[in-house]
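Below you'll find the structure, written out as C-alpha cells, and then a few comments.
In what follows, every chain begins at residue 1, and chains take the letters A, B, ... in the order their sequences are listed.
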Amino acid sequence: MASHGSGVLDPARVKQAEAEGIYPPALVRGRDDFASLTETVCRVSEAKRPPREWYLIFGCALALLGCLGVMIIHLITKGVGVWGNNQPVAWAWPIVNFVFWVGIGHAGTLISAILFLLRQGWRTAINRFAEAMTIFAVICAGMFPAIHVGRIWVIYWVFPIPNQMSMWPNFRSPLLWDVFAVSTYFSVSLLFWYMGMVPDLATLRDRAVTRARRFWYGLFSLGWNGSNRQWHRYERAYLILAALATPLVLSVHSVVSFDFAVSQLPGWHSTIFPPYFVAGAIFSGFAMVLSLAIPARTLFGFKDIITERHVELMCKVIMATGMMVGYAYAMEFFMAWYSGNAYEGFTFINRATGPYWWAYWIMVSCNVISPQIFWWKKARTNMLLVFIVSIFVNIGMWFERFVIVVTSLNRDFLPSSWHYFSPTWVDVLTLAGSFGLFFTFFMLFCRWLPQVAIAEIKNITPAAHGGAH
Amino acid sequence: MSGNNDRIWGVMAEFESVDQILHAAREVRKAGFTKWDCHTPFPVHGLDDAMEVRPTRLPWVILLMGAIGVGSAQLMQHWMNGVDYAFNISGKPLISWPSSIPVTFEMMVLFAAFTAFFAMWIANDLPRWFHPLLRKPRFARATNDRFFVSIEARDPQFDAQRTADFLRGLHAASVETVEMPQEKAALPSFIKRSIVVVTCAALVPPAMIYNARHEPSARPPINLVPDMDDQAKFRPQGETSLFADNRMSRSPVAGTVARGELREDSAYWTGMIGERFVDKVPASVNVTPALLDRGQQRYGIYCAPCHDYSGKGEGTVNQAAIALAEVGKAAWTKPASLHDERIRLQVTDGELFNTITKGKNTMPGYAAQIGAEDRWAIVLYVRALQLRQQPAGR
C-alpha cells in the first residue's frame, strides 16, 4: 500500500483507520489531502482581499478600540471617580470585566494543552483559534486591574522591582499572586501559541509570492525547514509546554478566585471558589470559542476542517461545565444555610431576591437552563441555535461575575453603608471598548496568520499514518 | 570523494508518501550515513525510530530550570518580605511557607516554560536566516505535502554521484544536488541599520540618567510622577491677593487671645518686666533638684553640640565649623564661653533666658524646640555649671 500519490483520501484507508480508532469520522471531511488542507488554510491570508464581512467587523472593532482609548485617557486624567465604583462597591465593573475576560482566556490553553495531553485529536481544528482567543482575552483582562489601580503610573509597584522607596510588594496578598499568575499565564500562552505556529508560518513563507510576505513570514518562521531532528525536539518541548500549561490554567483561575475567597466577606469567603471558578472559566471559554468559530468556519470556508462534530463535542463540554457551575450555585446556598451564619444566609437570600435579583436570574437562566437544550443532538448540530446559546452563556458568565462582585459588596455589614451600584457611561463604553480591543486583534489574526494548525491537522488524517504494516 | 564537492552542500530526494519516507529513512540509516535528515510537513510517526534519533536531553534541562524557578521564588519571597523589608501581616511568622506556594508554582512554570521554548530553538540551531535547502524551489513542498531526505556533503560517505543514485534507488520522486551558494542570504541591511539605530537610541535615556546623577544642577529635579507633591496652598509668610494686606498668614481677630496664649506673667514668659530683664529666675518657677536635672538633660541635647558639656564653647559643631571656615567653606563666630566673666556676672537670668529664646549672633532662637519651663531649667543648669568652674569659696 505504499503507492498513495500525495496522500489523497482513499475510502478504503479511511475505513481501515476508523476501524483502528486512529481516525474518527468527520474530523476532516471531503477531499482533504495534505495539499488541499494547506490550500484551505493558507488561502485566507493569501487572498488579495478578505471577505466583505471582515471589513465590517474590523471597522466596528477599530471604532470600539478608539473608544476604549478615549475612555482610558478620560479615566487617567480624571481619576476612577468617572466609574460608578464607590464605597461599599469599590470593586465593580473593572473587576467583573477582568474575571470575565480571564475566564474566556482559559479555554484556549485548556483546549490546546489538556486535550493535547488526553490525545483528543479533534482539538487540532480549533486549538490555534482558541489559543489566539486566549492571548487576546488575557490582554483585555490584564488591562482592567491595571487601569483600576487609579494611579496607573505607579503600576510598577505590583512587581518586585528595586525602587526609590526601598519597599517590596506583599507576597502574602492574593492580589500579588494574581499578578504573578496572570503574567505567567500570558507569557506561557504566548510562547505556546507562537511555537505551535512556527511550522505553519514556514508553510506560508514557502508559498509566499511577494517579497514582503517572504520577508515577514520568513522572519517569524525562524528558518524552519521541517527537519525531523528538529521536529523531535520540537514535539518534546511542545508536550512539556502542554504539561506545564495544564496545571497552570487550573492555578491561574484558582488564584483569581483567591482574590475573593481569601477575603472575609460573606459571599466571597468560600472554599468552593477555586473549582467553581475553574469550571466557570472552561464553560465561558468554550462558549466564546463557539461564538467565534461558528461564524469563522462559514466566513473563511473551514466547514471541512471545523466540522459539525467539533461543534457537537464542544456543546457537550459546555453542557457538562454548565451543570458544574449550576451545582456550585446550588452548593453555595446549601453552605450558607448549613453554616448557620446569619450574614452568609442573608447574602445569598439577598442575591436571589434582593435589589439585584434580576442579575441573579439572568445568570441562572443563561448558564444553567439554556445549555440544557444540548441534550438533544438536533440542537447540538443546529449551528444557529448553538451560536445563540453560546452568546447566552457569554452573557450569563459576565453576570455571574457581576453577581459575585456586586451583590456581595452592596449590602455592607452596616445598613447605613448600603448602596445600590449603578454603572456610569464610562463603565459601559470601557467594557464595549474591551471587545473592540479583542476583535481588532482577532480580526488581524484571522487575516494574516494560519487560523488552523496546518501541520497538526495533517497529522490526524489517515494518510499521515503509514499503511505499510 | 570528488574534487569539486566544496561547492556542493549535499543532495536532496523527494518522496510522495509517509510510507516511502519511512522506508527511505531506514535504508539511508542502514547505509551508514550520519550527516543526514528527513524534512516533513508534520512530525511523522515512526520516523524517529527509522532514523534512530537519539532522545533529546531537553526534559532534563527544563526540569533543572523548573527547580531553579522554585528556589528563586522561595528565596525572593522570604528575603523580600522576611529579611529586607519585613512585613508583619497579622502577626504571622516573617518567614513561613504556605502563602509562598502560589508564586512559587507560577515561577516554576515560568522558568520551565521559557526554558522549554528557548532551549528547544537553541538545540535546533534556530533561528537561521539561511539554509541551502530553502533555496531549492522544489523544497518548498517540504512544508506542504512532500517528504524529503537530505544528505550533506560533509558526511564521510558522501559522493555527489553515488549518493544521488542511491537515493534514486529508493523510489524518490526526484533527486537534486543542493549547491552552497556563494552569497549567503543575510539579514537585510535595513534591519541591521534599524537594530543599530534602536540600540543607540535606547542608550540615550540611561546615559542622560547617568549624567544627571553625576553632574550638579541648579534646576529643580524632573518629577515624572508629581502625585500631590505640588499643591495649591497657603504657606506662612506667603503673599496673596486674596486679602487686603496681601498676607497669607492671618492675625488673630482684634481683641482676642488664642487658648493658652494669654501669658500675663511676663517675667516667666519673656524674662522681662517692662523693658528690663529680671535679675533672678521668677518665683513662678518651682526650683527643685528634679528641675536642675531636667536642665542638665536639655542642655546636653540642645546646647552641648556648640557650647560643649563644660560650657566652654568647644562643642563638636563648633570644631567642625572651624575646620570648614579654615578652608573658606563657612563663616563662623565661635560661641561664647559660658564662664566668661561678662556672662557670669553681668548677664542676668532674664537676659540668659531671652538669649535662649531669641538667639544671638550665629545662635538661633530655641523657643520653637524648648518650652519656657525647660528654658528656665537650662538657665538654672548654666548657673550651676558656672559655679562649678569657680574656685571653692566664691
Side-chain angles (χ1 to χ4, degrees), chain A residues 1-2 4-7 33-35 38 151 153-154 160 166-168 170-172 176-177 180-181 184 187-188 191 195 199 202-203 206-207 215 222-237 240-241 244-245 247-248 251 255 258 455-456 458-459 463-468, chain B residues 16-20 22-23 37-48 51 53 56 58-59 62 76-77 80-81 84-85 87 89 92 99-100 102-103 105-107 109-110 112-114 116-117 119-121 123-124 126-131 133-134 140 142-146 188 225 227:
Chain A
M1 291 201 44
H4 262 301
S6 52
D33 54 282
F34 298 145
T38 310
R151 290 192 291 158
W153 47 93
V154 291
S166 297
M167 282 172 77
W168 297 112
N170 174 11
F171 284 99
R172 280 188 173 83
L176 191 68
W177 305 344
F180 275 79
T184 301
S187 6
V188 173
L191 294 185
M195 190 171 141
T203 302
D206 291 342
R207 291 167 56 95
F215 172 77
L222 307 177
W224 182 262
N225 64 20
S227 145
N228 192 59
R229 296 178 197 281
Q230 293 177 354
W231 272 122
H232 170 72
R233 295 190 192 94
Y234 175 93
E235 279 205 288
R236 186 42 65 99
I240 292 173
L241 268 184
L244 287 167
L248 180 66
S251 85
V255 168
F258 289 161
E456 280 186 45
K458 285 174 188 164
N459 217 348
H465 299 269
Chain B
E16 289 177 337
S17 76
V18 167
D19 294 333
Q20 286 180 354
L22 285 169
H23 170 70
D37 209 339
C38 294
H39 304 269
T40 57
F42 55 87
V44 172
H45 184 69
L47 197 52
D48 286 350
M51 289 175 68
V53 177
T56 169
L58 209 55
I62 297 169
M76 174 181 79
Q77 294 179 74
M80 287 180 182
N81 277 183
D84 192 54
Y85 189 81
F87 256 111
I89 306 293
K92 295 188 177 75
S99 64
S100 69
V103 170
F105 175 79
E106 303 302 336
M107 292 263 288
V109 170
L110 191 71
F114 271 75
F117 182 82
M120 185 275 290
W121 295 120
N124 277 343
L126 292 176
R128 283 178 76 156
W129 196 252
F130 167 81
H131 196 288
L133 279 172
L134 296 178
T143 55
N144 182 6
D145 61 342
R146 290 295 162 97
V225 183
D227 280 339

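- Note on B:P43, B:P127, B:A113: by heavy-atom pairs under 4.5 Å with chain A, the leading option is B:P43.
- With a 4.5 angstrom heavy-atom cutoff, A:E235 touches chain B only via side-chain atoms.
- Rounded to the nearest 0.5 angstrom, A:N225 CG and A:N228 CG are separated by 11.0 Å.
- Residues passing the salt bridge (Lys or Arg N to Asp or Glu O under 4.0 Å) test with A:R172, sequence neighbours excluded: none.
- Each of B:R128, B:M80, B:M120 has some count of heavy-atom pairs under 4.5 Å with chain A, and the biggest count is that of B:M80.
- The line from CG of A:N170 to OH of B:Y85 is 10.0 Å long, rounded to the nearest 0.5 Å.
- Smallest separation of non-hydrogen atoms from A:F171 and A:L176: CD2-CD2, 3.4 Å.
- Comparing B:L126, B:L133, B:I89 by heavy-atom pairs within less than 4.5 Å of chain A, the highest count is held by B:L126.
- Of the listed residues (A:S251, A:A245, A:P199), the one with the most heavy-atom contacts under 4.5 Å to chain B is A:S251.
- Both the backbone and the side chain of B:F87 come within contact range of chain A, each with at least one heavy atom under 4.5 Å from a heavy atom of that chain.
- The aromatic ring centroids of A:Y234 and A:W231 lie less than 6.0 Å from each other.
- Annotation: A:F34 is in aromatic contact with B:F42 [ring centroid separation under 6.0 Å].
- Of the listed residues (B:G46, B:P102, B:S100, B:A116), the one with the most heavy-atom contacts under 4.5 Å to chain A is B:P102.
- Both the backbone and the side chain of A:R229 have a heavy atom closer than 4.5 Å to some heavy atom of chain B.
- Here A:G226 is the residue among A:A455, A:G226, A:G223 with the most heavy-atom pairs under 4.5 Å with chain B.
- Interface remark: of the candidates A:V188, A:V255, A:L241, A:L244, A:L244 forms the most heavy-atom pairs closer than 4.5 Å to chain B.
- The parts of B:N144 that come within reach of chain A are both its backbone and its side chain, each placing non-hydrogen atoms under 4.5 angstrom from that chain.
- Your options are B:I62, B:L58, B:D48, and the one with the most heavy-atom pairs under 4.5 Å with chain A is B:D48.
- At a 4.5 Å heavy-atom cutoff, the contact between A:W168 and chain B is made by backbone and side-chain atoms alike.
- For a residue to count as touching a neighbouring chain, one of its non-hydrogen atoms must lie under 4.5 Å from one of that chain's; by this rule A:L191 touches chain B with backbone and side chain alike.
- Ranked by heavy-atom pairs under 4.5 Å with chain A, the first of B:K92, B:H45, B:M76 is B:M76.
- Of the atoms belonging to A:R233, heavy atoms from both backbone and side chain fall under 4.5 Å from chain B.
- For the atom pair OG1 (A:T203) and CH2 (A:W224), the distance works out to 10.5 Å, reported to the nearest 0.5 Å.
- Considering only residues two or more places apart in sequence or on other chains, B:H131 meets the ring pair (Phe, Tyr, Trp, His ring centres under 6.0 Å) condition with B:W9.
- The backbone N or O of B:D145 lies less than 3.5 Å from no partner atom in the side chain of A:K458, so there is not a single donor-acceptor pair.
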